[in-house]
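Side chains are part of it too, since the values below use all heavy atoms of this structure and drop only hydrogens, waters and symmetry mates. Numbers restart at 1 for each chain; the letters A, B, ... are given by sequence-line order, proteins then strands.
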There are 2 protein chains.
Amino acid sequence: MKISTKGRYALRVMIDLALHDTGEYIALKDISDRQGITVKYLEQIVTVLNKAGYLRSMRGNNGGHRLARKPFEYRVGDILRTMEGDLTPVECLSESADGINCPKAEECPTLSFWRGLDKVVNDYVDSVTLQDLVDQGKSLTGYDYSI
Amino acid sequence: MKISTKGRYALRVMIDLALHDTGEYIALKDISDRQGITVKYLEQIVTVLNKAGYLRSMRGNNGGHRLARKPFEYRVGDILRTMEGDLTPVECLSESADGINCPKAEECPTLSFWRGLDKVVNDYVDSVTLQDLVDQGKSLTGYDYSI
DNA sequence: AGAATTACTAGTAAAATAGTATGAAATGTC
DNA sequence: GACATTTCATACTATTTTACTAGTAATTCT
């Protein structure tokens with residue numbers, strides 16, 4: 001029942017990009033220095049975020065990444081689902097590519113319980129925006145605007 | 001963000017024991033036949049449930065297991081936490097045995113978000129009792145009271 | 001041309017998950 | 001008391017997932 005590092009780091013990357021948004025592209029090297037995550041691992045994460053349309057990326061000298069939208073336009077749930085695949089607590093609630101779900105769904109005494117859990121989780125993560133996390137970050141002791 | 005088979009199966013075992021409660025001990029063999037889970041794997045699960053005080057177990061001929069309380073006295077959250085360790089979405093919220101949590105907690109922009117997720121999950125699973133699942137099971141099409 | 005940076009594909013070590021296997025101990029029945 | 005049945009305890013194992021690392025190609029600016 002854990003969120004993977006990809007999901008957690010993706011949130012930190014998005015917050016980092018929001019806090020350091022100057023309109024310029026931000027290199028993974030800079031994020032790596034601030035967040036303590038290797039450039040190589042960050043590459044994997046931003047690739048997914050980029051393909052989801054959450055980032056604008058540019059190769060080459062002075063290249064890097066920046067947010068494609070304003071922070072309040074990102075739901076945290078969307079970011080997490082993008083990284084995790086989905087946030088369903090049990091496999092039988094996943095959108096299966098081949099359309100196969102549990103054949104015993106009709107007689108399953110726990111299915112509606114899992115549906116309820118799935119709903120509270122997704123409703124919660126969708127109620128928070130990236131802007132909320134950014135505001136939280138700025139309000140904390142020790143936040144250094146210069147970095 | 002998945003519940004393991006141990007957590008899912010434990011719920012099925014508890015429901016099974018509730019639905020077939022006659023006051024007698026129920027052998028894992030019977031649960032295995034009905035639920036399609038091997039006796040050996042069931043052993044691992046009921047051992048944990050037993051040590052948590054959720055079951056009364058008896059060895060030997062005509063031995064087996066039965067619920068220690070009435071179904072409405074079990075919160076689903078307690079059963080799941082017993083099997084999963086905890087239901088926290090991130091490690092830093094776990095009750096660490098050595099008391100070590102994240103040293104950057106004070107400056108973490110995502111901590112309160114994770115706390116909120118932890119709360120909605122645990123509040124939800126604690127709002128459902130085993131009796132609710134049993135009622136759900138009985139109400140479904142295809143439930144055969146004879147087995 | 002050359003440095004910086006992302007993009008793409010593959011590989012790998014460690015941990016977690018989902019079981020199996022073996023045998024001992026207890027209990028009721030014949 | 002022998003025996004079948006069942007839990008209890010411990011250890012082992014195969015597979016999958018996670019969390020990275022590595023190498024190289026492509027792009028961009030100076």
Side-chain angles (χ1 to χ4, degrees), chain A residues 1-13 17 24-33 35-68 80 83-92 94, chain B residues 1-13 17 20 24-33 35-68 80 83-91 94:
Chain A
M1 200 59 182
K2 289 279 188 290
I3 297 286
S4 74
T5 55
K6 292 219 173 153
R8 291 192 291 114
Y9 291 178
L11 243 44
R12 287 167 59 183
V13 166
L17 288 174
E24 307 285 302
Y25 290 103
I26 297 169
L28 292 185
K29 178 77 169 53
D30 298 334
I31 302 176
S32 174
D33 290 344
Q35 300 294 329
I37 306 167
T38 65
V39 169
K40 278 296 175 190
Y41 201 32
L42 285 172
E43 278 182 7
Q44 290 193 11
I45 292 161
V46 298
T47 295
V48 179
L49 294 172
N50 190 25
K51 284 181 176 166
Y54 296 163
L55 302 179
R56 291 294 152 76
S57 304
M58 179 72 84
R59 289 181 176 185
N61 207 347
N62 296 329
H65 309 268
R66 58 187 170 83
L67 296 184
L80 289 179
M83 300 306 298
E84 303 283 321
D86 61 56
L87 296 177
T88 61
V90 288
E91 199 58 48
C92 61
S94 295
Chain B
M1 201 60 183
K2 290 279 188 289
I3 298 287
S4 73
T5 53
K6 293 219 172 154
R8 289 193 292 113
Y9 291 177
L11 242 43
R12 287 167 58 183
V13 166
L17 288 175
H20 301 91
E24 307 285 300
Y25 290 103
I26 296 169
L28 293 184
K29 177 75 170 55
D30 298 334
I31 302 177
S32 175
D33 290 344
Q35 300 296 328
I37 306 167
T38 65
V39 169
K40 278 297 169 192
Y41 201 31
L42 284 173
E43 279 183 1
Q44 288 193 14
I45 292 161
V46 299
T47 294
V48 179
L49 294 172
N50 192 24
K51 284 181 177 166
Y54 297 163
L55 302 178
R56 290 294 149 78
S57 303
M58 179 72 83
R59 290 181 178 187
N61 207 347
N62 297 327
H65 309 268
R66 57 186 169 83
L67 297 184
L80 289 178
M83 300 308 297
E84 303 284 321
D86 62 55
L87 296 176
T88 61
V90 289
E91 200 57 48
S94 295

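For a distance-only test at 3.5 Å, the side chain of Glu43(A) fails to qualify as a donor-acceptor partner of the base of dT5(C).
A sub-4.0 Å separation between OP1 or OP2 of dT28(D) and a side-chain N or O of Tyr25(A) is absent. Between Thr5(A) and the phosphate of dT18(D), there is no side-chain N or O to OP1/OP2 separation shorter than 4.0 Å. The shortest distance between the side-chain N/O atoms of Ser4(A) and the OP1/OP2 oxygens of dT17(D) is not below 4.0 Å. The side chain of Asn61(B) contributes no N or O atom lying less than 4.0 Å from OP1 or OP2 of dA26(C). Close to dT5(C), at under 4.0 Å from its OP1 or OP2, lies no side-chain N or O of Asn62(A).
In this entry the distance linking OH of Tyr41(B) with C1' of dC12(D) reads 15 Å, nearest Å. Between Gln44(A) atom CD and dC20(D) atom P the separation is 10 Å, expressed in whole Å. Summarising the geometry, the separation between CZ on Arg56(B) and C1' on dT27(C) is reported as 18 Å, rounded to the nearest angstrom. Taking atom NE2 of residue His65(B) and atom C1' of nucleotide dC8(D), one finds them 9 Å apart after rounding to whole Å. Note: CZ (Arg8(B)) to P (dG19(C)) measures 9 Å, nearest angstrom. Between Arg59(A) atom CZ and dA25(D) atom C1' there is a gap of 8 Å when expressed in whole angstrom units. For the pair Ile31(A) CD1 and dT5(C) P, the computed distance is 12 Å after rounding to whole Å. Counting to the nearest Å, the C1' atom of dT6(C) and the CZ atom of Arg66(A) are 15 Å from each other.
Mapped onto DNA chain D by nearest heavy atom, Lys40(A) and Ile3(A) fall at different nucleotides, with Ile3(A) at the one closer to the 5' end. Checking Val39(A) against Met1(A), the closest nucleotide of DNA chain C that is more toward the 5' end is the one next to Val39(A).
Of the possible polar contacts, one joining the Glu84(B) side chain to the Ser4(B) backbone as a donor-acceptor pair under 3.5 Å is found. One N or O on the side chain of Thr38(A) and one on the backbone of Tyr41(A) form a donor-acceptor pair closer than 3.5 Å.
The shortest side-chain heavy-atom distance between Glu43(B) and Leu28(B) falls under the 4.5 Å cut-off. Residues Ile37(B) and Thr5(B) are not in side-chain contact: their nearest non-hydrogen atoms beyond the backbone lie 4.5 Å or more apart.
At the heavy-atom level, Thr47(B) lies nowhere under 4.0 Å from the strands shown. Using a 4.0 Å heavy-atom distance criterion, Lys51(A) is classed as a sugar-phosphate-only contact.
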Practice task
Please test Leu87(B) against Ile3(B) for side-chain contact (heavy atoms from CB on, under 4.5 Å), starting from the C-alpha separation and ending with a verdict.
Solution key: CA-CA 9 Å; Leu87(B) 296 176; Ile3(B) 298 287; 3.9 Å; yes
